[in-house]
Peer 1: 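What follows is a structure written as structure tokens; I'll ask about it next.
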There are 2 protein chains.
Amino acid sequence: MKNKTSLKDIANAVGVSITLVSYVLNGKGEKNRVSKNTAKKIIDVAKKLNYYPNLSARSLVTNKTRTIGLIVADIANPFFGSLARFIEDAAFSKDYTVIFCSSDENVNKFDRILNFLTTRQVDGFIIAAPEGSGDFIKKLERLKIPMVLIDRYFKELKTNFVGIDNFQSSLLATNHLINNNCKKIGTILYLSKLDHYGDRYDGYVEALNRAGLMNKIELVKRINYGNLNREMALAIKELISLNVDAIYFHTNILAQEGLKQMIILDKNILHKIKVVAFDQNPAFNFLDTFVPYVLQPVAEMANQALTILCDQIDEGKDFKLFKTCLQTELITKSADQFDI
Amino acid sequence: MKNKTSLKDIANAVGVSITLVSYVLNGKGEKNRVSKNTAKKIIDVAKKLNYYPNLSARSLVTNKTRTIGLIVADIANPFFGSLARFIEDAAFSKDYTVIFCSSDENVNKFDRILNFLTTRQVDGFIIAAPEGSGDFIKKLERLKIPMVLIDRYFKELKTNFVGIDNFQSSLLATNHLINNNCKKIGTILYLSKLDHYGDRYDGYVEALNRAGLMNKIELVKRINYGNLNREMALAIKELISLNVDAIYFHTNILAQEGLKQMIILDKNILHKIKVVAFDQNPAFNFLDTFVPYVLQPVAEMANQALTILCDQIDEGKDFKLFKTCLQTELITKSADQFDI
DNA sequence: TCATTTTGCTTTAACGATTAAGCAATATTA
DNA sequence: TAATATTGCTTAATCGTTAAAGCAAAATGA
């Protein structure tokens with residue numbers, strides 16, 4: 001790391017000006033009429049001296065860092081973990097750096113992260129926004145900072161967005177239970193005003209209404225993100241005491257925790273109560289009953305989000321708006337059965 | 001992001017030189033005899049203009065980026081995901097930025113990542129090294145680049161390291177099975193030359209030897225990282241056909257996949273074959289039998305690694321060597337039973 | 001042959017910060 | 001009162017890169 005070779009070193013070695021070296025190494029040699037001969041010499045020496053550019057210096061001039069900030073709820077959550085992984089790969093191949101940050105669904109933390117990343121001069125953001133962060137998003141929008149929302153969106157804001165049709169997906173999930181003869185379908189979601197959760201809820205209600213299953217009794221349980229364990233245990237108990245024959249979990253973490261609590265109460269419960277979940281969780285493989293789930297095209301989401309973002313960063317300020325709605329799929333069979 | 005305020009703007013507004021502003025905002029006002037009055041003015045104006053420093057410019061001068069590179073096998077793996085999360089938090093509070101990269105246990109990818117991060121001028125590395133990366137680590141060492149190995153280490157290299165005593169932990173895990181009357185204890189590990197896996201293997205062998213259970217028949221199955229599904233299915237089948245009464249999995253991913261295959265073969269298998277795993281996996285909660293596991297102090301590992309690294313970055317080149325060996329624990333009971 | 005164009009390069013300024021060195025004006029000491 | 005010390009600031013160099021503008025020398029055209 002010490003005594004790094006700079007453009008100057010190469011220039012001295014070859015006997016030309018720094019500018020010429022810069023032109024050649026940036027592929028602007030032709031354009032600036034650098035002779036083939038000199039170009040070759042420069043490239044050779046650069047290789048010999050193991051040159052790589054100082055990005056701080058470059059950023060200082062270009063005002064671009066080739067770095068983007070990714071803000072999710074929690075990188076340790078399997079859904080966001082895999083999303084992050086796909087974004088990492090896509091960014092790596094585009095020669096972009098990603099800084100991952102977890103907001104813990106907390107607006108204050110989110111604000112601090114935004115400041116942190118802004119100070120780091122990121123060129124843009126990919127954000128899975130926490131509840132109540134609308135004003136911060138609005139501010140980014142006003143400042144014309146390149147940004148793509150992912151997973152979560154705000155109905156009233158016109159920002160780039162890559163995600164799925166939560167209403168339809170929820171309809172799909174709920175209908176699966178209905179088609180399997182379930183009559184009392186409970187559901188467990190987060191106590192949150194995020195619109196995508198709202199859509200999932202609406203999809204559930206719509207499906208029940210269409211099937212004439214909407215009950216007077218409230219079979220909907222809303223759980224606090226910060227108090228998952230306790231509230232889930234309670235919710236499960238209550239739903240069971242209400243004699244539900246199915247439970248639809250609105251996220252994979254909810255499903256993971258909910259299933260855990262269900263099994264604690266009764267090992268054979270999944271033969272009595274059908275379950276559907278949003279998103280996959282490796283843990284589902286451990287149950288003796290297959291848990292159907294809504295599969296999001298996470299790789300696709302990651303790629304699209306990154307592509308939109310990078311395009312906007314490159315194109316500058318007058319970018320158009322992209323709202324991408326990807327297809328989900330309801331997985332009802334184990335994909336990798338005993339494969340030998 | 002546009003029209004950012006610079007030191008110059010503040011200097012002009014207050015009517016002083018840029019230098020003075022720099023001194024004050026870096027807390028070097030006292031030392032450089034800036035009058036209290038001027039200092040206050042500078043601070044006020046900086047706040048009013050919403051100043052934050054341009055890190056590219058600063059890095060150019062200081063040759064420090066306050067950025068570290070974290071290289072793990074796969075950020076989507078629960079073990080590394082949670083490690084990454086703790087490192088993220090620790091770094092955030094120290095005002096360091098972390099760039100996460102996944103090597104996929106592939107030396108070529110590892111090399112490319114190393115280049116990528118070096119080009120990004122990271123100040124140092126935290127590395128869970130893939131098999132065969134010893135020479136690259138040696139090179140970093142030779143270049144005196146601050147670095148801490150985590151989880152995996154190289155017996156022949158004298159580098160900083162934070163991890164656990166794999167031999168002892170393995171002994172612990174295997175003894176647990178022995179103490180539970182298991183006589184034919186199979187084990188499944190990766191086909192890898194990484195020393196920490198070697199230690200785990202040695203611990204297993206030592207435990208069997210001490211108990212006089214070392215068999216003529218080979219109960220050890222080695223799995224290729226890249227072909228987990230197929231090879232695991234085979235390994236499980238073979239171990240079962242050899243009539244093992246226990247299986248010890250050397251990582252949580254191995255356990256996850258192995259248990260899946262075991263259950264596919266026989267839903268009640270865990271009542272016949274005892275299992276112990278290295279590292280926790282949320283999926284274990286879904287089994288009707290509790291799976292004991294070796295718990296690594298991940299948060300502690302993250303903190304120590306970051307502290308050692310940051311200290312070395314600050315102190316410069318003549319740092320001492322740290323090898324930290326943290327205690328593990330064998331968890332034999334579900335910690336969060338129905339907690340209501 | 002002289003004006004014009006093209007070729008191949010260099011000069012110079014800029015990006016925004018840090019930091020050693022310098023320099024008046026004022027205060028202190030002998 | 002003159003020499004010295006302190007206070008409060010500024011100047012200038014530097015980090016490594018980009019890029020607009022400029023400038024000889026060689027090639028082309030009339």
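Throughout, a chain's letter reflects where its sequence line sits, starting with A, and its residues are numbered from 1. In this text, all values refer to a predicted model and were calculated from it rather than measured experimentally.
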Peer 1: Taking the side chain from A:Asp195 and the backbone from A:Lys155, do they hold a donor-acceptor pair closer than 3.5 Å?
Peer 2: yes
Peer 1: Please figure out whether B:Pro53 or B:Tyr23 has its closest DNA chain C nucleotide nearer the 5' end.
Peer 2: B:Pro53
Peer 1: Are any of A:Tyr51's side-chain N or O atoms less than 4.0 Å away from OP1 or OP2 of D:dT17?
Peer 2: yes
Peer 1: I want to verify a distance call: between C:dC9, D:dT18, C:dG16, whose nearest atom is closest to the A:Leu20 side chain?
Peer 2: C:dC9
Peer 1: Count the heavy atoms belonging to other residues, nucleotides or ligands that lie under 6.0 Å from CD of A:Glu30, then report whether that count exceeds 12.
Peer 2: no
Peer 1: On DNA chain D, check which nucleotide each of B:Ile18 and B:Ala57 is closest to and give me the residue with the more 5' one.
Peer 2: B:Ile18
Peer 1: Is the closest side-chain donor-acceptor distance between B:Glu88 and A:Ser102 under 3.5 Å?
Peer 2: yes
Peer 1: Would you kindly check if the NZ (Lys) or CZ (Arg) of A:Arg120 is within the cone defined by 45 degrees around the ring axis of A:Phe116 and under 6.0 Å from the six-membered ring centre?
Peer 2: yes
Peer 1: Whole Å only: how far is the CG atom of B:Leu25 from the C1' atom of C:dT18?
Peer 2: 13 Å
Peer 1: Please state how far atom CG in A:Asn63 lies from atom C1' in D:dT18, giving the value in whole angstrom units.
Peer 2: 13 Å
Peer 1: Taking the side chain of A:Arg33 as heavy atoms from C-beta outward, which of D:dG22, D:dT17, D:dG16 is closest to it?
Peer 2: D:dG22
Peer 1: Would you say the side-chain atoms of B:Asn160 pair up with the backbone N or O of B:Met147, donor to acceptor, closer than 3.5 Å?
Peer 2: yes
Peer 1: Between D:dG16, D:dT18, D:dA19, which nucleotide gets closest to the side-chain atoms of A:Lys28?
Peer 2: D:dA19
Peer 1: Any side-chain N or O of A:Thr19 below 4.0 angstrom from OP1/OP2 of C:dT10?
Peer 2: no
Peer 1: What is the separation between atom CG on A:Asn32 and atom P on C:dT11, rounded to the nearest whole Å?
Peer 2: 16 Å
Peer 1: Using five base pairs at each end to define the local axes, how bent is the helix from C:dT1-D:dA30 to C:dA30-D:dT1, to the nearest 10°?
Peer 2: 50°
Peer 1: Could you please name the option among C:dA17, C:dT18, D:dT17 that lies closest to any side-chain atom of B:Ser22?
Peer 2: C:dT18
Peer 1: I'd like to know if the side chain of A:Asn106 and the backbone of A:Asn108 have a donor-acceptor N/O pair within less than 3.5 Å.
Peer 2: yes
